[in-house]
Structure formats: C-alpha cells, structure tokens
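A quick write-up on the structure given underneath.
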Amino acid sequence: MKDQIEDIKANYFAKINEANSLLELDETFLELFGKNGQVTVLAKELPKLSKEEVKIVAPLFNRAKNELEKAVNDRREEVREEGYAKLED
C-alpha cells in the first residue's frame, strides 16, 4: 500500500501542477477524492490491514491526502489569480 500511496502522489502532483483551468483541477480532485476516487478507495482498504501495517501506512496515507488537498487548493488559487491578471490586461 505504501507503493500505491507514493504512485498516487507522484502521478497526481504532476497532473495538478500541469492543470491550467479550474475544470481540470475539479476533475483531478474528483479522481482523487470522489466516491470512487483513488484516495477514497485506499481509505476503504485501511481497515483490512493488520494493526502493525496500519501504524505504518495510516500516517503516510493521511500526509499524502493532506498534501494532495493542499496542492489542489493552492493550484486553484494560482489559476484564479492568473485568470484575474488576464482580465486586467
């Protein structure tokens, strides 16, 4: 599961940084956190792990989840600011 978390982070951080519109970011957010999103599906797998594995994986999962949410929100703000700057020109 650690590898899955790292793969999701790597793939989606790149996707988030490449997004040039709020629509793209919304789609990426749903791919991650929607009903069948990558992060949501992983969260459902945590109870199936042993207690020892949960102690290791849960903090990694929570950190990755928080980092991805922050990255999406930060990029949304950047895209908005870029849009406002274009309007001012």
Side-chain angles (χ1 to χ4, degrees):
M1 184 173 267
K2 282 193 256 181
D3 292 337
Q4 287 177 296
I5 293 169
E6 292 303 319
D7 288 345
I8 290 169
K9 278 177 58 174
N11 292 335
Y12 281 94
F13 274 128
K15 197 169 186 177
I16 291 165
N17 289 326
E18 292 170 5
N20 291 317
S21 72
L22 294 175
L23 178 62
E24 288 177 67
L25 287 166
D26 288 343
E27 289 171 354
T28 301
F29 184 84
L30 289 175
E31 288 175 24
L32 286 165
F33 301 106
K35 185 176 180 180
N36 294 313
Q38 298 285 324
V39 173
T40 307
V41 170
L42 273 182
K44 292 176 184 175
E45 297 295 318
L46 288 174
K48 297 177 185 175
L49 300 175
S50 70
K51 286 185 180 183
E52 293 78 29
E53 288 176 302
V54 170
K55 288 179 184 178
I56 295 167
V57 174
L60 296 174
F61 171 82
N62 287 328
R63 189 174 317 115
K65 178 180 172 249
N66 292 335
E67 289 172 359
L68 287 164
E69 284 177 341
K70 184 176 181 337
V72 169
N73 289 330
D74 290 349
R75 184 67 184 137
R76 278 183 179 147
E77 195 61 35
E78 289 172 12
V79 169
R80 279 190 198 104
E81 292 300 321
E82 290 168 5
Y84 295 147
K86 287 179 186 176
L87 291 174
E88 292 175 359
D89 289 343

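Note that the coordinates shown come from a computational prediction; the quantities given were computed from them, not determined experimentally. Index from 1, following the sequence. Basis for what follows: all heavy atoms, side chains included, without hydrogens, waters or symmetry-related copies.
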Remaining members of hydrophobic cluster (4.5 Å side-chain criterion), I8: M1, I5, Y12, F13, I16, L22, L25, F29, L32, F33, V39, L42, L46, L49, V54, V57, L60, F61, L68, V72, V79

With a 4.0 Å cut-off, would you call E53 and K2 a salt bridge? no

Tell me, please, which residues at least two apart from D26 pass side chain to side chain donor-acceptor pair (under 3.5 Å). R76

Beyond-backbone contact of K15 with E31, side-chain heavy atoms, under 4.5 angstrom: yes

For the pair T40 (side chain) and G34 (backbone), establish whether a donor and an acceptor sit closer than 3.5 Å, ignoring hydrogens and angles. yes

Contacts of K70 that satisfy side chain to side chain donor-acceptor pair (under 3.5 Å) - sequence neighbours left out: D74

How long is the span from the OG atom in S21 to the CZ atom in R75, to the nearest 0.5 Å? 9.5 Å

